[in-house]
Structure formats: C-alpha cells, structure tokens
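Working notes, structure below.
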Amino acid sequence: LYDPNCNGKQVMVHLFEWKWTDIAAECERYLAGAGFCGQVSPPTEHVILPENNYPWWQRYQPVSYKLYSRSGSEADFVDMVRRCNSVGVRIYVDAVVNHMTGTGRSGTADGGSTYNSVGDARDFPGVPYSAEHFTPRDQCPSGDGNVNDYSNPSNVRNCYLVSLTDLYGRLDYVRDAVAGYFNHLIQVGVAGIRIDAAKHMWPEDIAAILSRLNDLPTDQGFPAGSKFYVFQEVIDQNDGAIKVDEYYDTGYVTEFRYCSKIAWGIKDYGQLSNLIDYGWGMARSDRAFIFTDNHDNQRGHGGGGNVITHESPRDYKQAVAYTLAQDYGFTRIMSSYFFDNTDQGPPSNGGYSTADVIINADGSCGGGWVCEHRWNVMKKMVEFRNLVAGTTMANYWNNGNAVAFSRGNQGFFAMAKQGSMSETLQTGLPAGSYCNIIDDCASSIQVGADGTAQVNINNYEEPIMAVCIGCGG
Ligand code: LM2
Ligand code: CA
C-alpha cells in the first residue's frame with residue numbers, strides 16, 4: 001500500500017498520453033538505465049469526442065474496465081507492463097473509478113462497449129453497470145445534482161463532479177466491480193494506481209475496494225506478499241472540508257500545496273526554507289506524493305494554480321532539481337506534450353490516432369513531445385535522489401539568493417538563483433574530491449577534513465550543483 005514496489009527507486013515519470021508501444025520501448029531504452037518507474041494514462045475504454053476534437057480528458061470518462069484506450073489495446077498494454085517489469089521499471093495506472101461518463105452521452109467506445117447516460121439512463125453494459133449502481137439523487141445535497149459546495153463532504157462525494165455519473169461506492173456490487181478491475185491490473189503485473197478524484201470518494205469505500213485486492217504476482221518479480229501501491233488524488237489547498245489526512249489509511253495522497261510552495265520558492269529563494277509547512281496541513285512525508293506540476297494544473301485544469309511548467313525551462317529545472325534533492329515525499333516528474341489550448345489532445349496522426357514519440361539523435365524528443373524526463377538536469381537529479389535515499393537533509397544554508405544542503409553524509413546540493421555563487425559551505429561529506437553531475441563533471445568541489453568546501457556555481461541556464469558518493473560513477 002505504501003511501498004511503490006519500485007525496487008528502491010524514488011521517482012516515477014508520468015508519460016502523459018503516451019501509447020503503450022512507446023512506453024514499452026522507453027522502459028527498455030531509457031527508464032531502466034535512468035532509474036525511473038512510470039505512471040501511464042487511464043487504460044480503460046473511454047468516450048470518444050470528435051465534437052471536441054478528441055480532447056485529452058476523454059480518458060477521464062470511462063465506459064467500461066476493458067483495457068482498450070487511445071494508448072492501445074489490451075495486448076499492447078500487457079506487453080508493455082511485462083517488458084517494463086522485466087527491466088525493473090514498475091508501472092502505475094491512472095484509475096478513474098469515482099464515475100463513468102458525463103451525463104447526456106451515448107455511443108460505442110473504441111473497445112466495442114456501448115454506453116448511454118442520456119436522461120435517466122445509466123447503461124454501461126461493458127462492466128456491467130446500470131442505474132441502480134449510481135449514487136441516488138437523495139444522497140446529494142445540491143440543487144442541480146452537481147458538486148458545488150466544498151464545505152460539505154456529502155456534496156463533494158455524493159454529487160456529480162462536473163456532471164460525471166457518480167458511482168455509488170457504498171454498494172458491494174460497485175466495490176466488487178472496481179476491485180475486479182484492479183485485480184485484473186494486478187494479475188497483468190501493474191505495481192499500483194493513482195486514484196483519480198479520490199477526494200470525491202468516501203475513504204471507507206476506497207478501503208473496502210482495497211480490502212478485496214490480491215497480492216502482486218511473484219511471476220512478475222514482486223516479492224511474495226507485495227501490496228498494490230496506492231496514491232490518491234486529493235486536492236486539499238486549505239479551501240474546503242476534505243483533508244488529505246482522511247486518506248492516510250488507504251495510501252499516499254497528492255500534496256498540491258507543494259506545487260504552489262515550490263513555485264513560490266523558485267521565485268523567492270528565501271521561501272525555500274519554509275517549503276514544507278505542517279502548519280498548513282501538508283501531508284506527512286511518508287504519505288505525501290509530490291510533483292512540481294501535473295497534467296491538470298499545467299493547463300489550468302483540476303483547480304489550476306500558480307505552478308511552474310516546462311514552458312519556463314530555466315525555472316522548471318530549478319524547481320524539479322530542488323524537489324528531487326530534498327527529502328520530502330515520493331516524487332513524480334511530468335512528461336508532457338506541447339499544446340496551444342487547454343483541451344488539446346496529444347500529437348496525432350490526424351483525428352483520434354496518437355502519434356509516435358520521436359527520439360532525436362541527441363536523446364531529446366520531437367513530434368510535439370516535450371519529454372522533460374529526458375532533460376539532463378532531470379536525469380541527473382533522479383540519479384542523485386536514488387543514491388541518497390534514506391538520508392535526511394542537513395547543513396541547510398540559504399541566503400535568499402542561493403541555497404545549499406547535504407543529504408546526510410551521502411550527498412550535497414547547491415543552487416544559485418542568479419546563475420552564480422561562491423561560498424565556503426559545510427557539505428557533510430567525507431574529505432575528498434567530488435564532481436558535479438549536472439555539468440557532467442566539468443566542475444567539482446574539494447571537501448576538506450572538516451567537511452567544508454568552496455562551492456562555486458557559474459552557469460546561468462542550469463545553476464545547479466549535485467554531488468554524492470557514487471554519483472556520476
Ligand atoms: C479530477 N479531479 O478529481 C481532475 O482533476 C480533473 O481534471 C478531471 O476532469 C476529473 N478528476 C474527472 O476525472 C477532467 C477535465 C474536465 C473534464 C473531465 C471529464 O479536467 O474538464 O470534463 O476530465 O472528461 C469534461 C468537460 C466538462 C463536462 C465533463 C462531463 O470539460 O465541461 O462537464 O467533461 O461531460 C459538463
Ligand atoms: Ca463520488
């Protein structure tokens with residue numbers, strides 16, 4: 001439940017809207033060597049909306065739990081999970097189980113299942129669900145049946161989120177159906193899930209689903225008794241009745257306050273000293289699932305917010321580097337595609353067919369894919385985070401323009417907002433010479449017997465130093 005089952009690795013990348021065939025290849029050619037695990041987009045059958053030009057959010061309107069989506073078929077999905085597992089890259093699925101499609105929709109999904117939510121109909125024969133499996137209207141204290149009062153948990157959890165047909169999670173039938181979907185993922189070899197819209201589900205309903213799950217399969221390399229890793233999407237920005245700590249018993253929780261905090265800290269380095277504010281109610285470290293931005297808030301969805309994204313590369317590198325250097329939470333990196341409008345789907349071959357990810361000769365991506373996870377700073381900081389795992393931050397120093405700290409006596413990190421710094425600092429490291437992995441060892445520090453070193457940074461675009469025992473080896 002709390003172990004990402006990622007063989008000790010500390011970071012996952014969200015390969016937003018990638019096809020299964022591309023992810024399988026990426027596991028083998030990049031993620032395994034770079035030390036990542038990976039989150040994928042919802043694999044279930046979903047609505048198809050040509051009238052909205054096939055937006056990315058089609059996949060947040062499931063039609064059944066058949067594994068047939070814009071990213072590929074069940075056979076492609078199984079092949080991806082198995083190939084990734086065999087190179088040590090664990091896969092986490094984005095699971096949409098609070099609801100099915102929006103109201104007023106009908107048609108046939110890409111895996112062949114029909115759906116009808118027009119009027120009072122709630123027909124999803126691919127599961128199957130019918131009207132009695134959706135939250136009764138008298139359970140929702142809202143005038144129009146939609147979520148509109150975040151101060152009232154019954155409103156948030158029993159009403160329809162942006163008119164999405166809300167599953168009645170109190171029913172054993174619904175719990176069994178969702179658990180059946182998850183047990184299918186487990187049998188394939190998926191290591192865990194993001195629970196989409198968990199804030200809109202009752203924690204006891206989530207617990208009841210999880211209590212029905214099998215252990216992870218030993219034939220996919222999981223130690224006997226391994227549990228499905230769970231991180232729950234709970235957007236708690238101190239603006240409503242639902243708090244992240246209600247969900248600690250059922251897994252990790254997304255910590256969206258971290259997104260605003262790191263954005264603020266990069267703008268004003270002095271604020272980095274107060275990054276984790278338990279007075280704000282931020283989740284405890286062993287339950288916090290953190291990221292600088294996600295697929296929603298990078299495009300103003302899911303509540304949006306002031307977040308730094310790949311569109312400001314210099315700030316973004318600092319934000320991700322700091323996130324990976326410090327010791328709070330379990331971390332996820334975003335891997336995006338470029339977009340002109342906030343609904344736009346992934347790069348396509350025309351219409352609904354998602355384009356391949358292009359890998360350029362220099363290792364960057366083309367064809368409209370950003371691939372932040374392939375940027376040099378991100379790759380190196382993932383190496384750093386994996387190697388210093390288990391240590392805590394120490395020797396913290398911050399003068400408002402530059403910041404530095406050690407990770408126990410294993411690693412040392414420094415960053416300079418204006419692009420340069422020159423300071424004698426305590427590194428916490430044993431005496432010796434250590435090279436900066438961020439600039440591929442072009443610079444280094446000499447640590448004396450007392451643990452101090454002269455720390456110089458002179459690099460405007462990537463003003464970051466990371467050294468550690470074992471780094472760059
Ligand atoms: C989430 N949080 O709990 C995500 O933060 C949010 O982005 C997801 O919505 C939501 N869960 C449901 O999974 C996304 C997208 C919405 C989109 C929904 C459903 O951000 O814009 O809503 O997926 O596809 C769309 C339309 C909306 C319409 C709805 C239902 O944008 O206008 O509501 O479909 O037809 C009438
Ligand atoms: Ca609900």
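Atoms within a ligand are numbered from 1 in the order they appear, just like the ligands themselves.
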The Ca ion (ligand 2) to nearest N/O/S of His200 below 3.0 Å: yes
Closest candidate by heavy atom, reference atom 36 (C) of ligand 1, pool Pro62, Ser163, Pro42: Ser163
Pair Phe289 and Tyr252, ring centroids less than 6.0 Å apart: no
Using only heavy-atom distances, determine whether the side chains of His295 and Glu17 contain a donor-acceptor pair under 3.5 Å. no
Near-ring test Phe77/Tyr68, centroid separation under 6.0 angstrom: no
Partner of Ser117 under side chain to side chain donor-acceptor pair (under 3.5 Å), picked from Asp123, Thr101, Thr165, is Thr101
Ligand 1 versus Leu164: contacting region, heavy-atom distance under 4.0 Å: side chain
Could you identify the single nearest non-hydrogen protein atom to atom 5 (O) of ligand 1 and state the distance to 0.1 Å? Asp296 OD2, 2.6 Å
For ligand 1, which atoms sit closer than 4.0 Å to a heavy atom of Tyr60? 13 (O), 23 (O)
Considering only the protein, which heavy-atom contact is closest to atom 1 (C) of ligand 1, and what is its distance? Glu233 OE1, 3.5 Å
min-distance protein heavy atom vs atom 12 (C) of ligand 1 -> His99 CE1, 3.5 Å
Is the shortest distance from a Lys or Arg side-chain nitrogen in Asp215 or Lys227 to a carboxylate oxygen in the other one below 4.0 Å? yes
Taking side-chain contact (heavy atoms from CB on, under 4.5 Å) as the criterion, tell me which of His373, Arg90, Met12, Glu26 meets it with Phe36. His373
Is the closest heavy atom of Arg59 to ligand 1 under 4.0 Å? no
Does Gln61 come within less than 4.0 angstrom of ligand 1, counting non-hydrogen atoms of the residue? yes
Does only the side chain of Lys199 get under 4.0 Å from ligand 1, or the backbone, or both, or neither? Count heavy atoms. neither
Measure from the Ca ion (ligand 2) to each N, O or S atom of Arg157 and report whether any distance is below 3.0 Å. yes
Flag atom 9 (O) of ligand 1 as yes if some protein heavy-atom distance to it falls below 4.0 Å, otherwise no. no
Taking N, O or S atoms only and a limit of 3.0 Å, check whether Asn98 reaches the Ca ion (ligand 2). yes
Side chains of Ser69 and Glu45: donor-acceptor distance under 3.5 Å anywhere? no
Minimum distance, heavy atoms only, to atom 33 (O) of ligand 1: which one of Asp196, Asp94, Val162 is it? Val162
Could you tell me, atom by atom, which parts of ligand 1 come under 4.0 Å of a heavy atom of Gly102? 30 (C), 35 (O)
Please tell me whether Thr309 and Arg299 have a donor and an acceptor in their side chains that are separated by less than 3.5 angstrom. no
Spatial distance of atom CZ (Arg314) from atom CD1 (Ile266) [nearest 0.5 Å]: 10.0 Å
So is there a nitrogen or oxygen of Gln58 less than 3.5 Å from a nitrogen or oxygen in ligand 1? no
Interatomic distance, CZ@Phe413 vs CG@Leu324, rounded to 0.5 Å, equals 8.5 Å
Nearest protein heavy atom to atom 16 (C) of ligand 1, by residue and atom, and its distance? His301 ND1, 4.0 Å
Determine if the distance from atom 25 (C) of ligand 1 to the closest protein heavy atom is below 4.0 Å. yes
Of all the heavy atoms in His295, does at least one lie under 4.0 Å from an atom in ligand 1? no
Counting non-hydrogen protein atoms only, what is the nearest one to atom 35 (O) of ligand 1? Give residue, atom name and distance. Arg105 NH2, 3.0 Å
Evaluate the criterion side chain to side chain donor-acceptor pair (under 3.5 Å) for residue pair Asn158 and Trp202; output intermediate values, then yes/no. CA-CA 9 Å; Asn158 291 346; Trp202 294 95; 2.8 Å; yes
Hey, are Asn98 and Asp196 close enough side-chain-wise for a donor-acceptor pair under 3.5 Å? no
Find all atoms of ligand 1 within a distance of less than 4.0 Å from any non-hydrogen atom belonging to Trp56, and give their numbers and elements. 15 (C), 20 (O)
What atoms in ligand 1 come closer than 4.0 Å to a heavy atom of Ala197? 3 (O)
Below 4.5 Å, heavy atoms only, C-beta onward: do Pro125 and Tyr115 meet side chain to side chain? no
Going by heavy atoms, is Tyr160 under 4.0 Å from ligand 1? no
Check whether Trp280 forms a cation-pi arrangement with Arg257 (NZ or CZ under 6.0 Å from the six-membered ring centre, at most 45° off the ring normal). no
Who's the nearest protein heavy-atom neighbour of atom 14 (C) of ligand 1, and how far? Trp57 CB, 3.9 Å
